[in-house]
Amino acid sequence: MVYMILTTYSSITAQEIASEKGTKVMEIIFSSTTAGKYFCGKILGVLMVIATQLVVYLLGGWASLIAAHHMSMADSFFRDYGSLVNQVIGNLVSVNLLFLFLGVIIYTILAAFSGALVAKAEDASKASYPAVYLSMAAFFATFPFQNNADALLVKILSYVPFFSSYFMPLRIINGVASPVEIGFSLGLLIVAILLLVWYISGIYKGLILQADEGNLWHRFRRGLSYR
């Protein structure tokens with residue numbers, strides 16, 4: 001779910017911010033409010049849309065499940081796979097949902113940062129690459145450990161922001177993560193999000209107003225060191 005949501009909203013977020021590059025409107029906006037407040041408002045707006053979509057998915061899924069239970073044609077399915085359905089729902093509607101939402105938040109912030117780095121609005125389609133590629137790497141990295149969730153690498157990555165939203169749920173589903181470990185991973189993820197917002201808010205004005213030429217990765221590295 002994190003991967004599917006990100007492939008949609010990381011591109012939208014990056015393009016929305018990249019489209020403002022080089023416009024006089026931004027100079028007017030920054031004369032009326034701080035760049036940090038503007039950036040946080042942008043991110044908050046996108047996250048509210050994502051949260052709305054998640055709620056719609058959950059309510060729609062719940063309504064569909066209730067309706068399916070009242071259909072005679074679905075009786076055989078629930079007899080054979082009822083326990084599996086309950087297990088999937090239990091794993092989703094749990095702390096894993098919080099990891100899902102926080103994972104979307106941190107990747108959306110990265111996509112916004114990437115969008116602010118493009119040289120011009122025409123490059124907006126490329127702006128979401130860092131967030132999408134990193135998400136893909138984290139997503140596919142979980143595959144070899146589906147039946148070995150207690151491996152050392154899984155334990156390490158379950159505490160690393162950008163990876164923990166994939167690896168800690170894997171450990172939770174397999175029952176190899178304690179409440180203390182889950183809480184510590186959540187805490188690290190929240191702290192990483194807050195630090196990322198704080199840092200990007202401080203440099204956002206310089207990022208959005210810079211129009212230097214060069215490839216995206218060059219500007220990405222320069223943006224990380226911008227003051």
Side-chain angles (χ1 to χ4, degrees), residues 1-7 9-10 13-14 36-37 39-55 57-58 87-114 116 128 130-146 148-204 220 223-225:
M1 288 183 67
V2 173
Y3 177 74
M4 289 188 294
I5 292 172
L6 277 176
T7 51
Y9 285 101
S10 61
T13 303
K37 289 181 180 179
F39 174 75
C40 291
K42 278 277 187 182
I43 295 299
L44 183 60
V46 173
L47 294 180
M48 289 177 68
V49 174
I50 295 173
T52 301
Q53 183 173 351
L54 285 175
V55 170
Y57 282 166
L58 291 173
Q87 185 178 2
V88 170
I89 294 173
N91 284 326
L92 177 61
V93 188
S94 64
V95 69
N96 285 338
L97 194 61
L98 186 55
F99 274 103
L100 184 155
F101 189 61
L102 291 176
V104 169
I105 290 175
I106 195 168
Y107 278 104
T108 300
I109 294 171
L110 178 61
F113 176 57
S114 301
S128 62
V132 172
Y133 287 164
L134 183 58
S135 175
M136 286 176 62
F139 176 54
F140 290 115
T142 62
F143 284 18
F145 302 102
Q146 295 295 323
N148 189 22
D150 206 25
L152 178 60
L153 183 61
V154 176
K155 290 181 179 179
I156 294 172
L157 292 178
S158 66
Y159 299 109
V160 178
F162 292 107
F163 289 87
S164 58
S165 54
Y166 287 99
F167 280 89
M168 183 54 80
L170 179 65
R171 294 182 62 197
I172 294 172
I173 290 171
N174 285 275
V176 295
S178 69
V180 174
E181 291 175 319
I182 296 170
F184 185 60
S185 179
L186 275 175
L188 287 176
L189 185 54
I190 292 172
V191 169
I193 290 171
L194 294 176
L195 288 176
L196 199 58
V197 170
W198 170 78
Y199 180 78
I200 297 176
S201 295
I203 66 174
Y204 187 70
F220 184 80
L224 288 174
S225 59

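FYI, the numbering just counts along the sequence from 1.
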**Request:** Could you tell me the separation between the CG atom of Leu47 and the CD1 atom of Ile105, rounded to the nearest 0.5 Å?
**Result:** 5.0 Å
**Prompt:** Can you list the residues that meet the ring pair (Phe, Tyr, Trp, His ring centres under 6.0 Å) rule with Phe99, with sequence neighbours excluded?
**Reply:** none
**Asked** Considering only heavy atoms from C-beta outward, does the side chain of Val197 approach that of Ile43 to under 4.5 Å?
**Response** no
**Interatomic distance, Gln53 atom CD to Met48 atom CE [nearest 0.5 angstrom]** = 14.5 Å
**Message:** I want to check something: taking the side chain as every heavy atom from C-beta on, are Pro161 and Ile106 in contact at a cut-off of under 4.5 Å?
**Reply:** yes
**Asked** Just wondering, are more than 12 heavy atoms of other shown residues or ligands nearer than 6.0 Å to OH in Tyr57?
**Response** no
**Request:** Could you walk me through whether Tyr159 and Met168 pass side-chain contact (heavy atoms from CB on, under 4.5 Å), step by step?
**Result:** CA-CA 8 Å; Tyr159 299 109; Met168 183 54 80; 4.1 Å; yes
**Request:** Could you list the residues that satisfy salt bridge (charged side-chain N to carboxylate O under 4.0 Å, His left out) with Lys37, not counting sequence neighbours?
**Result:** none
**Message:** Run the side chain to side chain contact (heavy atoms under 4.5 Å, CB included) test against Leu195 and tell me which residues pass, sequence neighbours left out.
**Reply:** Val191
**Worked verdict on Val132 versus Met136 for side-chain contact (heavy atoms from CB on, under 4.5 Å)** = CA-CA 6 Å; Val132 172; Met136 286 176 62; 4.0 Å; yes
**Complete:** Of all heavy-atom pairs linking Ala51 and Phe101, the shortest is CB-CE1, 4.0 Å
**Fill in**
With sequence neighbours left out, the residues meeting side chain to side chain donor-acceptor pair (under 3.5 Å) with Tyr166 are Ser135
**Prompt:** Residues in ring pair (Phe, Tyr, Trp, His ring centres under 6.0 Å) with Phe139, at least two apart?
**Reply:** Tyr3, Phe143
**Message:** Run the side chain to side chain contact (heavy atoms under 4.5 Å, CB included) test against Ala151 and tell me which residues pass, sequence neighbours left out.
**Reply:** Phe145, Asn148, Val154
**Prompt:** Rounded to the nearest 0.5 Å, how far does OG1 of Thr108 lie from CD1 of Ile50?
**Reply:** 4.0 Å
**With sequence neighbours excluded, residues passing ring pair (Phe, Tyr, Trp, His ring centres under 6.0 Å) with Phe39** = Tyr204
**Asked** Taking only residues two or more places apart in sequence or in another chain, which ones pass ring pair (Phe, Tyr, Trp, His ring centres under 6.0 Å) with Phe163?
**Response** none
**Asked** Below 4.5 Å, heavy atoms only, C-beta onward: do Val104 and Leu54 meet side chain to side chain?
**Response** no
**Prompt:** According to the side-chain hydrogen bond (donor to acceptor under 3.5 Å, both in side chains) rule, which pairs have a member within residues 182-193, sequence neighbours left out?
**Reply:** none
Please report, to 0.1 Å, the donor-acceptor pairs under 3.5 Å made by any side chain of residues 169-176, with sequence neighbours excluded.
| residue | atom | partner | partner atom | Å |
| --- | --- | --- | --- | --- |
| Arg171 | NH1 | Ser158 | OG | 3.1 |
| Arg171 | NH2 | Val176 | O | 3.2 |
| Arg171 | NH2 | Glu181 | OE1 | 3.1 |
| Arg171 | NH2 | Glu181 | OE2 | 3.3 |
| Asn174 | ND2 | Leu170 | O | 2.8 |

**Item:** From CD1 (Ile156) to OG (Ser164), nearest 0.5 Å
**Value:** 13.5 Å
**Message:** Treating Tyr107 as the side-chain partner and Phe162 as the backbone partner, does any N or O pair qualify as donor plus acceptor under 3.5 Å?
**Reply:** yes
**Closest contact, heavy atoms only, Leu110 versus Ala131** = CD2-CA, 3.7 Å
